[in-house]
Structure formats: C-alpha cells, structure tokens
Amino acid sequence: MKLSREFYCRPTLEVARSLLGKVLVRRLRGKNLAGKIVETEAYVGKDDLACHASKGRTSRTVTMFEKGGCAYVYMIYGFYFCLNAVTEPEGYPAAVLIRAAEPLDHVSVMRRLRKNPDHDSNIASGPGKLCMAMAIDKTLNGRDLTSGTLWIEDRNLDVGRIETGPRVGVDYAGEYRDKPWRFYIKGNPHVSRVRWKG
DNA sequence: AGATGGATTTTC
DNA sequence: AAAATCCATCTC
C-alpha cells in the first residue's frame with residue numbers, strides 16, 4: 001500500500017518522475033484526505049544551486065540529508081509551506097517537491113481548508129495550496145512517509161503523458177536554472193499555473 | 001489574459 | 001535582503 005523505503009532511496013530524477021500518478025494521503029481527524037500527484041520537481045544534491053542543500057548542512061537543510069522516505073517541509077515567503085519527499089540514501093541531500101495534486105478523497109474537507117475556491121482545480125494546484133488543502137505544516141518536517149499520518153501510496157492509477165520543463169522560481173540558480181527537472185501530467189487541470197517573476 | 005505589488009517570517 | 005508562493009487589483 002504505502003510506498004516503500006526502497007522506492008524513495010533511488011536517484012532523485014527517477015523518483016520525481018515515478019511519483020506522478022501516485023496518491024498523497026494525509027490522515028486528519030479520522031479521515032484520509034487523498035490526492036493524485038500531478039506535478040513534481042527534483043532538487044538534487046549540493047551542486048544543484050536551486051537545492052537548499054547547496055548551502056551545506058544547516059538547521060534548515062538537515063532533513064534533506066536524511067534517508068529517503070522522510071518528509072522535508074519548510075516555510076516559504078513567510079506565509080506558505082512546501083512539502084518534499086526526501087530521496088536517495090542517508091547523507092546525500094536531495095528531495096522531490098510535491099507541487100500539485102488532483103483531489104480524490106474527502107474533497108469537501110480539502111476545499112474547506114482552502115477557503116472554498118470557485119473551482120476544484122484551485123484546491124491543490126501549487127505547492128503552497130497543496131499544503132493548505134492537506135493541513136501540512138512544519139510540525140511534519142522530518143516525519144517518516146513510510147509510517148505515520150502522511151504517506152504516499154500506489155493505487156495503479158492511469159498516469160497519462162508526462163511532460164518535463166525547467167523548475168519554477170529558481171532564476172537565481174545559474175547553470176542549474178534551465179535543467180528540465182520539473183515533471184507534470186500533460187493536460188491535467190490540477191497542474192499549477194506557471195508564473196515567473198518580472 | 002497578463003503584469004504588479006503586498007503579505008510576512010525564516011534564513012544566511 | 002531575498003526567498004522552490006498566492007491573491008487582489010490593476011491594465012490592456
């Protein structure tokens with residue numbers, strides 16, 4: 001049911017691609033909120049200037065050095081949280097950012113957590129939105145995704161066609177800016193709208 | 001449909 | 001000071 005430790009302890013680009021179509025589940029007050037993952041990004045090691053761990057092992061990035069299968073949750077822009085699945089063996093700092101999901105189970109609860117958007121494609125179509133919709137915050141940082149109240153499982157859902165492209169919001173990352181390490185399901189309405197700064 | 005600015009806190 | 005974002009509020 002839940003993805004195994006071995007699933008996460010692989011090369012990060014492979015994990016990022018194979019997480020598409022898997023189901024993110026959050027147990028909250030006796031309900032399993034669930035959504036199909038439709039968009040991910042890979043952040044790969046100390047050399048990757050877009051990866052937080054390029055700054056080395058700090059209090060913020062220590063989770064990225066953990067063994068694959070842990071959750072790396074951080075606050076961004078003072079308002080929002082982002083959820084990552086840590087990848088690769090312990091000591092290699094890398095993770096996959098879960099950017100968007102298609103709500104599947106307890107959609108009404110997720111909609112309410114998101115303050116009732118007009119359309120369901122606005123519930124979890126972005127990393128900050130996804131964390132709001134599933135009540136994910138920093139208290140989950142470092143948790144094990146292979147046990148506990150937050151996990152990813154395989155329901156053998158149809159994945160469709162996978163597209164790749166540059167990661168969002170990493171203009172500062174030099175030669176790593178244009179790496180095609182963003183993965184998403186082509187045509188799925190729950191993929192985030194890409195906007196870059198001007 | 002696309003651009004701009006504001007909210008707010010962690011990080012180095 | 002800038003950030004792996006989101007939203008309201010402009011302008012075309």
Side-chain angles (χ1 to χ4, degrees), chain A residues 8 12-13 15-17 19-20 24 35 37-66 68 70-88 92-103 110-142 145 150 152 163-184 189-198:
Chain A
Y8 297 102
T12 307
L13 295 179
V15 177
R17 179 179 287 268
L19 276 177
L20 294 178
L24 177 66
I37 296 170
V38 299
E39 181 181 357
T40 62
E41 282 177 1
Y43 290 86
V44 191
K46 294 179 186 166
D47 293 338
D48 178 3
L49 294 177
C51 181
H52 292 161
S54 64
K55 311 250 184 194
R57 193 189 288 257
T58 67
S59 57
R60 180 197 213 186
T61 64
V62 64
T63 319
M64 294 190 93
F65 288 79
E66 266 287 355
C70 291
Y72 169 44
V73 182
Y74 65 92
M75 171 166 270
I76 187 170
Y77 298 109
F79 279 78
Y80 306 108
F81 295 99
C82 288
L83 169 68
N84 298 248
V86 175
T87 58
E88 317 249 7
Y92 188 96
V96 173
L97 172 66
I98 313 296
R99 281 193 61 88
E102 173 180 342
M110 297 171 71
R111 189 183 298 119
R112 202 155 53 236
L113 285 166
R114 278 280 296 138
K115 305 285 160 60
N116 303 309
D118 289 340
H119 197 277
D120 284 358
S121 66
N122 196 23
I123 292 178
S125 53
K129 300 178 190 177
L130 182 150
C131 286
M132 282 185 259
M134 291 198 164
I136 293 166
D137 62 23
K138 217 176 164 186
T139 63
L140 295 173
N141 185 37
L145 294 172
L150 179 66
I152 304 174
E163 290 275 296
T164 66
R167 294 170 293 181
V168 176
V170 297
D171 285 352
Y172 58 87
E175 61 187 299
Y176 284 85
R177 183 190 62 183
D178 301 318
K179 299 276 185 193
W181 291 352
R182 174 175 178 250
F183 301 85
Y184 58 98
H190 298 83
V191 171
S192 70
R193 297 295 190 86
V194 179
R195 275 190 331 200
W196 49 99
K197 48 165 111 172

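No hydrogens, no waters, no symmetry mates; every other heavy atom, side chains included, goes into these values. Letters A, B, ... mirror the listed sequences (proteins, then strands); counts begin at 1. For clarity, every value in this text was computed on a predicted model and none was experimentally measured.
Atom-to-atom, OH of A:Tyr77 to P of C:dC7 comes out at 14 Å; the value is rounded to the nearest Å. Taking atom CZ of residue A:Arg177 and atom P of nucleotide C:dA3, one finds them 13 Å apart after rounding to whole Å. Rounded to whole Å, atom P of B:dT11 lies 11 Å from atom CZ of A:Phe81. Distance A:Tyr176 OH to C:dA4 C1': 17 Å, rounded to the nearest Å. Atoms CD1 (A:Ile123) and C1' (C:dC7) sit 17 Å apart, rounded to a whole Å. What separates CD1 of A:Ile76 from P of C:dA3 is a distance of 10 Å, to the nearest Å. At whole-Å resolution of the value, CG in A:Asn116 and C1' in C:dC7 are 16 Å apart. Per the geometry, NZ belonging to A:Lys55 stands 17 Å off P belonging to B:dT10, to the nearest Å.
Partner assigned to B:dT8 is none, using Watson-Crick or G-U wobble distances below 3.5 angstrom. Summarising the base pairing, C:dA4 is matched to no nucleotide, lacking a Watson-Crick or G-U wobble pair whose two defining distances lie under 3.5 Å.
Candidate nucleotides B:dT10, C:dA4, C:dC6 were compared by shortest atom distance to the side chain of A:Tyr43, and C:dA4 ranks first. Here the side chain of A:Met75 is nearest to one of B:dT9, B:dT11, C:dC7, namely B:dT9. For A:Lys138, the side-chain atoms get nearest to B:dT10 when compared with the rest of B:dT10, C:dC6, C:dA3. Ranking C:dA3, B:dA7, B:dC12 by closeness to the A:Phe79 side chain, first place goes to B:dA7.
Among the heavy atoms of the strands, none lies under 4.0 Å from A:Arg167. Nucleic acid contact class of A:Gly128 (heavy atoms, under 4.0 Å, all strands): sugar-phosphate only. If you check every strand for non-hydrogen atoms under 4.0 Å, A:Arg114 touches sugar and phosphate atoms only. A:Leu97 comes within 4.0 angstrom of a base, heavy atoms only. Contacts of A:Thr58 with the nucleic acid, taken as non-hydrogen atoms under 4.0 Å apart, involve only primed sugar atoms and P, OP1 or OP2.
For the OP1/OP2 pair of B:dG2 and a distance below 4.0 Å, the side-chain nitrogens and oxygens of A:Arg193 include no atom meeting the criterion. Side-chain nitrogen and oxygen atoms of A:His52 include none within less than 4.0 Å of the OP1 or OP2 phosphate oxygen of B:dT11.
Looking only at side-chain heavy atoms (C-beta outward), A:Leu150 and A:Leu145 come within less than 4.5 Å of each other. Counting heavy atoms from C-beta outward, A:Arg57 and A:Pro93 have side chains that stay 4.5 Å or more apart.
Atom CD of A:Glu41 is separated from atom CZ of A:Arg182 by 6.5 Å, given to the nearest 0.5 angstrom. Of the inter-residue distances, the one linking A:Cys70 atom SG with A:Met64 atom CE reads 12.0 Å to the nearest 0.5 angstrom.
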What verdict does the side chain to side chain contact (heavy atoms under 4.5 Å, CB included) test give for A:Arg167 and A:Tyr176, after you've listed the backbone C-alpha separation in whole Å, the side-chain angles of each residue and the deciding distance to 0.1 Å?
CA-CA 9 Å; A:Arg167 294 170 293 181; A:Tyr176 284 85; 3.9 Å; yes
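The base of C:dA4 lies close enough to the side chain of A:Tyr74 for a donor and an acceptor atom to sit less than 3.5 Å apart.
Summarising the geometry of A:Leu49 relative to A:Ser54, their closest heavy-atom pair is O-OG, 3.8 Å, with the distance given to 0.1 Å.
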